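Predicted, not measured: the structure shown is a model, and the values here were computed from it. Reminder, nothing fancy here: chain letters follow the sequence lines and each chain counts from 1.
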Amino acid sequence: MLTHWTRRHRPLALTVIALLGLAIASAAFYIWAIAAERDRADISEQQAMRAQASAETALDELTLKHAQLLLTTDPSAAVDALATYRGPDASRANQIRAEATGRGVAVLRAVPHTNNVRWAEGTGDDAVFSLSSDGTIARTRSDGTPAVVTRNVAQVARSSYSRPRRLLAYVCNPTDVCIYDIRSDAPIPVPTSLQGARAVGISFSSDGSLLALLSQASVLRILDVTDPAKPLLRFSRTIEGGNDVKFFTASMVAVTTGQGITFVDLDGDMTSFPWSESSFWDAHPGEPLFTAATIRGQALVIEGFPLRIAARTALCRGPIQGLRFIPGRRAIAYACREGTVGIWDFERADTRPRLHFEGHTDLMTVSPTGEYIIAGGGQGTVAVLDLSTDLTTTYKGHGFRLTSLSPPTSEYPFVISTDVSGALRTWPLPQRFAKVVVRSDSAFHTAIFEHRRSLRRRFSRCSQPSLRLTKREILAHMISTMCSLYPVTAHCSPRMVSAIWSNSGHTPACLSSASSRPGKALYHNSSSLQTPGMSSPPVVTAD
Amino acid sequence: LIRWSPTGNETLITTTNQPIDRFVHLSSLNSIIFATSDGALWYTDRDRQTTPLGGPGPRVNRIVARSDERIVYCGYADGNVVAVDTGSRRFATVLRAAGAIGEISLTPDDRTISIATNDGLIHVAELPGGLAFDKTTWVKLAARARHQALAPDGLLVVLTPEGTIWLYSTSQRRWLCLPTGPADLRRVAISRNGDTAVALDVEGRLIWIDLDIARSVMGVETELKME
């Protein structure tokens, strides 16, 4: 029927067929165009994804490089930078985190003040109190949230802190002396005896029961602050030219004058020592020892009783920037303005520089246990010398000159550092898994562990395996952490290059060489030392 | 090449026309593999017969023998490390690195190898028993090694010229970093049971490292204890 109709209406049929063909072609073209557009969109999407992946890869690489760079200036910021890292090189990120941790990541970072922080102290409840020349005392919680607890601090921000009593005495209002009770986190109302004190010197006695004040008029007053709200005057005298005061013993204070140091006891007896241009001073926490420095690098030790000068030396080429007795030792930690920090053993007249800051040293303190010397210098760098491991850890990140350091205590086992910008940071103590057990005048070349049972028995009190090591003039030493150094034999040839064990493990040998003479191989056993000659210097190291 | 007895007697083993750079003594075979400065590798047997093993070519920077002395690893200045089967004298390429080989260290059980190159990388891998190194998976660590040593449990101790001691657990891939100051650290040695290491520096300091405490700081467990 369709065929019949087509034959009868040929033109119309052709027209319909043509229209159908056109419609199909249009539909096909439309579909093709959509597919092409879709393909283009897919390609664009893939390109965008590739670009995004490339950008993410580049960002990941940049993040790692940025963190790596931050390690030298602020390891804490390096850890922050890695916090958002989700890249593929997790191993490298972990390595950077480990290096940051090794270099010191601050436990707490906060900016509780707007100006120089002059004093800071941590408490057992993880708060840090700080006093600043911006006029405030702030309390910073462990989450970094600061809160101002008082606003009456005088701009000079002079203070003294009694750790046993947890009392902070400071100049306030601006000529009074205020006392803040850190334990109860509350100020004590200023009693009349502390009003208008115009103190240029403030010092608590070691147990915190007495407070010495020296006024601008050089009047020395010693008050019993057993009840800090009701101080009782115990002693008062004018010390001509007095400009600072510090407790020496429980019943004696030291006052600096333009000409020297005057020791005043509560009975009124006075002893003076000439000592001009005095700068830093300190009293030994357990013995009647007093030390003072000058701005010209001189230092002395005064010992009682009767008071006499026990030692005197030149510690620095320029001004001394800090001087502290090391508790538990008869030695003094000192810091020179030019950057050197060292230990002065005044009984042996031995002075040993232990670390050096680039540029200058600003501050130095010693922990109450005598385990750590903490110094600040350079561009806000904190250095902690662990006297039990003899290793120094440096903490970086302040970026500004440091203004105070607080040593770790049993209550707050962290180092606190503050700077001129009003910021404070607390740092963890260095890990103790390594220690310097030998410090020699010349370099060691190599070391091999001893594993002979006979020698172990011989040094049975040693807890660690013993060790042989070689250096320029010493063939071998027995060593352990508990037994210190035992020289076994000596007199090796000029240049040691290697040390080995014989196959039996009983005979250590060292090889040596010298450019101008034949080399020698040395063999050592418990009773003899053979030195057979070689016709030419050995070029082989058998390690 | 001269052998010395503990009493001081010397025995000439062999003579070469090039300076000898490195050697390793294979006591079980009573033989020596050594390298001359032209990069040639030589083998001297118990009868003092010296035969060439390879080269000349790039200089050999390190030769280290496995504890069973069946394989010797040779590190070259061009960054290649080859393994030499001391029985069959066959060679196999262990690693092709970009930088010259600086140090090669093995654990006492020969399962883990650490290869330091002078481009600031350390290549660490678990080794196969034989010479089939093509499927070895290498872990690259970024550290400029002055010297290194491996403890029995695979704890790697690396000294850097900047005075940093790195500890890396090859089994658990954890790091511990100990900056010791600006002194140039030179040598490290680890006790046989792996509980102690010592590091020496140019200032004459000997630093005693308690590896057991270090492992606990790293959170690394070890079951290996060798006496």
Distance (rounded to the nearest 0.5 Å) between [X] [atom1] and [Y] [atom2]:
{"X": "A/F433", "Y": "B/D212", "atom1": "CZ", "atom2": "CG", "value": "12.5 Å"}
{"X": "B/I165", "Y": "A/L391", "atom1": "CD1", "atom2": "CG", "value": "7.5 Å"}
{"X": "B/I213", "Y": "A/R432", "atom1": "CD1", "atom2": "CZ", "value": "10.5 Å"}

| request: Below 4.5 Å from any heavy atom of chain B, which atoms of A/S91 appear? Answer side chain, backbone, both or neither. | output: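 Backbone plus side chain of A/S91, per the 4.5 Å heavy-atom cut-off to chain B.
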| field | Qualifying salt bridge (charged side-chain N to carboxylate O under 4.0 Å, His left out) pairs with a residue from residues 23-35 of chain B, counting only residues at least two apart or across chains | value |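 Residue pairs with at least one partner in residues 23-35 of chain B: there are none.
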| query | Taking only residues at least two apart or on different chains, which pairs with a member in residues 87-103 of chain A satisfy salt bridge (charged side-chain N to carboxylate O under 4.0 Å, His left out)? | reply |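 For residues 87-103 of chain A, and leaving out neighbouring residues, the salt bridge (charged side-chain N to carboxylate O under 4.0 Å, His left out) pairs sorted by first residue read A/E99-A/R103.
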Counting only heavy atoms not in [X], do more than 12 sit closer than 6.0 Å to its [atom1] atom?
{"X": "B/R144", "atom1": "CZ", "answer": "no"}
{"X": "B/R186", "atom1": "CZ", "answer": "yes"}
{"X": "B/R70", "atom1": "CZ", "answer": "no"}

| message | Could you report the tightest heavy-atom contact between B/P179 and A/G102, atom names first, then the distance? | response |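 Closest heavy-atom pair between B/P179 and A/G102: CD-O, 3.5 Å.
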| field | Heavy-atom pair of closest approach, residues B/C177 and A/A98 | value |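 It is CB-O, 3.5 Å.
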| message | Is B/A197 in contact with chain A via its backbone, its side chain, both, or neither, using a 4.5 Å heavy-atom distance? | response |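 Contact with chain A is through the backbone of B/A197 alone.
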| Any sub-3.5 Å donor-acceptor pair from A/Q431's side-chain atoms to B/V217's backbone N or O? |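 Between the backbone of B/V217 and the side chain of A/Q431 there is no qualifying donor-acceptor contact (under 3.5 Å).
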| query | Taking every heavy-atom pair that is under 4.5 Å apart, which of B/V139, B/I190, B/T164 has the most such pairs with chain A? | reply |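 Heavy-atom pairs under 4.5 Å are most numerous for B/I190.
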| said: Applying ring-ring contact (aromatic ring centres under 6.0 Å, His included) as the test, list every pair that has at least one member in residues 173-198 of chain B; sequence neighbours left out. | reply: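 Pairs touching residues 173-198 of chain B that pass the test: B/W166-B/W175, B/Y168-B/W175.
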| query | So which bits of residues 68-77 of chain A come within less than 4.5 Å of chain B, counting non-hydrogen atoms only? | reply |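 Within residues 68-77 of chain A, near chain B: nothing under 4.5 Å.
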